[in-house]
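What follows is a set of notes on a single structure, which appears directly below.
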Amino acid sequence: MVLLGNTEYFKGIEEISYEGKTSDNPLAYKFYNPDQLVAGKTMRAHFKFAMAYWHTLCGTGGDPFGPGTKHFPWSTSSDPYRAAEEKADAAFEFITKMGFEYYCFHDFDLIDEAATLAESEKRIQHIVSYLKEKQSASGVKLLWGTSNCFSNPRYMNGAASNPDFEVVARAGAQVKIALDATIALNGENYVFWGGREGYMSLLNTNMKLEQDNIGRFLNMAKDYARSQGFKGTFFIEPKPMEPTKHQYDFDAATSINTIREYGLQDDFKLNIEVNHATLAQHTFQHELQVAANAGMLGSVDANRGDYQNGWDTDQFPNNFLETAEAMLVFLKSGGLQGGGINFDAKTRRNSTDLEDIFLAHIGGADTFARALLLADAIIQKSPFEDLLGKRYGSFDSGKGADFVAGKLSLTDLYAYANENGEPKQTSGKQELFENILNQYS
């Protein structure tokens, strides 16, 4: 492994390798074998694992009750340019030691925002040039970029949905700069997460105008990027609430409606986050299935929430059985369209060693790998597919097939029901399906 900076930040940690499930080395993969073929593709190709710049390199563990607890050895310079370069050095050291191929970012994860738009753009352009060199030297690629149009106080009432046009225009300028950066770095996709695109109270909200403005904004961004040669996919990342009471990208179904209503279906898909799914009172697999049904399963933010906390805790995934249910959807729908799996997760506030960042990502990668293996075994070896097919077998022939083909009327259903009497009760065999999941784990 080539050290991609002047300083080694993660000293004593070598490149993480696959050693198998019998290994007791905490700094080794037990299930994630990048070159192993599963359902005709390598694990590396299935997942396209990516490091999330914001949590991995910027999240110091602060919360509403106290400041950060993590003291990173990068970004120590008072010069924002040098601090950003140090952070990039640490990023690429981490990514290459993990054996990942991708990263993703918000614009001001890369370098601190300046006092003016012009100076902020200058800073972004500088760090983009630096990152291009690091990508070239390492082979690491950009999975997607995005803009942070939610943290700055100017966005307290939203960005594209803001009631003040001046703020909408500023958000547009920021998105343009972030798109330019993504394109310059050969980013494969671009994400829109409307962190404050919603409302706290309908009393002072023109919902129709705000939603229409979001549609206009997304179309403008898409048209600009295409005019600059961007060939990638745009993603919307659903989230129901927090920080706003109700966000316009509430869940997968709501976001799909937005995409279709504003004519974006040829360019946009969804980036599904596990913790956002549960905040919307859905499961991760439900949101994946809704997106897949619409042909919009684009990318994934891998994390989990805490069952006792009703907010976005962004913990690393570790429940392989729950993840296996999601991987069943993943495999049966043909995988992700354009995107990959980024670890939008942070080590806990009391996990303060640099080694902990590696342990967390190793565990997350192993969770997805073990779940993929389990899902593939269920599809290939278990009676799962046959059982599911039999449950819906009445639609394969006869009047059921006619119904699916659109050949029956309501009067036809009436006549059929009168001829055949009371339907017999048929078990859903739910416990059997659950037992299969356990049997092949």
(request) Please step through side-chain hydrogen bond (donor to acceptor under 3.5 Å, both in side chains) for the pair Trp54 and Asp344, ending with a clear verdict. (result) CA-CA 8 Å; Trp54 52 100; Asp344 183 10; 2.7 Å; yes

(request) Report the C-alpha separation of Tyr103 and Gln135 in whole Å, then their side-chain angles, then the decisive distance to 0.1 Å, and conclude whether the side-chain hydrogen bond (donor to acceptor under 3.5 Å, both in side chains) test is met. (result) CA-CA 10 Å; Tyr103 70 108; Gln135 287 185 191; 2.6 Å; yes

(request) Check step by step if side-chain hydrogen bond (donor to acceptor under 3.5 Å, both in side chains) holds for Asn342 and Tyr53. (result) CA-CA 10 Å; Asn342 87 83; Tyr53 226 92; over 6 Å; no

(request) Give the intermediate values and the outcome of ring pair (Phe, Tyr, Trp, His ring centres under 6.0 Å) for residues Trp74 and Phe10. (result) CA-CA 11 Å; Trp74 52 86; Phe10 302 99; 5.5 Å; yes

(message) Under the criterion side-chain hydrogen bond (donor to acceptor under 3.5 Å, both in side chains), I'd like the reasoning laid out for Asn257 against Thr254: C-alpha separation, chi angles, the key distance, then a yes or no.
(response) CA-CA 5 Å; Asn257 181 69; Thr254 308; over 6 Å; no

(request) Evaluate the criterion salt bridge (Lys or Arg N to Asp or Glu O under 4.0 Å) for residue pair Lys239 and Asp312; output intermediate values, then yes/no. (result) CA-CA 10 Å; Lys239 186 179 182 182; Asp312 200 357; 3.3 Å; yes

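In this structure, the side chain of Glu273 does not engage the main chain of Glu237 through any donor-acceptor pair within 3.5 Å. In this structure, the side chain of Thr244 does not engage the main chain of Met241 through any donor-acceptor pair within 3.5 Å. At least one donor-acceptor pair under 3.5 Å links the side chain of Tyr262 to the backbone N or O of Gln211. For Gln285 (side chain) and Val329 (main-chain N/O), no donor-acceptor pair under 3.5 Å exists by modelled atom type. The backbone N or O of Lys346 sits nowhere less than 3.5 Å from a side-chain atom of Asp314 that would complete a donor-acceptor pair. A donor-acceptor contact shorter than 3.5 Å links the side chain of Asn189 to the backbone of Gly338. The main-chain N or O of Leu387 is never found under 3.5 Å from a side-chain atom of Lys429 such that the two would form a donor-acceptor pair. Checked by atom type and distance alone, the side chain of Thr205 never pairs as donor or acceptor with a backbone atom of Met207 at under 3.5 Å. Between the Arg349 side chain and the Gly61 main chain, a donor and an acceptor come within less than 3.5 Å of each other. Listed for the Lys141 side chain is no donor-acceptor partner under 3.5 Å among the backbone atoms of Leu185.
Each of Asn275, Asn318, Thr367, Asn319 was evaluated against Arg304; a single residue qualifies, Asn318, per the side chain to side chain donor-acceptor pair (under 3.5 Å) test.
Lys134 and Asp89 are joined by a salt bridge, as a carboxylate oxygen and a charged side-chain nitrogen come within less than 4.0 angstrom of each other. A salt bridge between Arg226 and Asp267 is present, with a side-chain N of the basic residue lying under 4.0 Å from a carboxylate O of the acidic one. Ionic pairing of Lys48 and Glu188 is present here: one or more N-O contacts between side-chain nitrogen and carboxylate oxygen are shorter than 4.0 angstrom. With respect to the salt-bridge test (charged N to carboxylate O, under 4.0 angstrom), the residues Arg44 and Asp35 qualify.
Aromatic ring orientation, His246 versus Tyr199: parallel (interplanar angle below 30°, classes split at 30° and 60°).
Scanning both residues, Ser299 and Gly339, for their nearest heavy atoms gives OG-CA, 3.5 Å. Residues Leu437 and Ala324 come closest through the heavy atom pair CD1-CB, 4.1 Å. A pairwise comparison of heavy atoms in Gly195 and Gln247 identifies O-OE1, 3.3 Å as the closest pair.
Counting heavy-atom neighbours within 6.0 Å of Phe150 CZ, excluding the residue itself, gives a total above 12. The environment of Tyr440 atom OH is dense: over 12 non-hydrogen atoms of other residues, nucleotides or ligands sit within 6.0 angstrom. Applying the 6.0 Å contact sphere to NZ of Lys41 captures more than 12 heavy atoms from other residues, nucleotides or ligands. Annotation for Asp63: atom CG counts as buried by contact number, over 12 foreign heavy atoms lying within 6.0 Å. Lys399 NZ: 12 or fewer foreign heavy atoms inside a 6.0 Å radius.
With Phe320 as the aromatic partner, Arg370 meets the cation-pi criteria of under 6.0 angstrom to the ring centre and within 45 degrees of the ring axis.
Side-chain contact annotation: Asn213 with Arg216, donor-acceptor N/O pair under 3.5 Å present.
With contacts defined as side-chain heavy-atom distances shorter than 4.5 Å, the pair Met98/Tyr29 qualifies. Contact check for Thr323 versus Leu374: no side-chain heavy atoms found under the 4.5 Å cut-off. Side-chain contact between Tyr224 and Asp180 is present, with at least one heavy-atom pair separated by less than 4.5 Å. A heavy-atom distance below 4.5 Å is found between the side chains of Lys21 and Phe31. Within the 4.5 Å cutoff, no side-chain heavy atoms of Pro34 are placed close to those of Phe47. Within the 4.5 Å cutoff, the side chain of Phe105 has heavy atoms near those of the Leu142 side chain.
Two rings, from Tyr32 and Phe368, have their centers 6.0 Å or more apart. Aromatic ring centres of Phe384 and Phe433: separated by under 6.0 Å.
Under the salt bridge (Lys or Arg N to Asp or Glu O under 4.0 Å) criterion, the residue pairs touching residues 373-386 are Lys332-Glu385, with sequence neighbours excluded.
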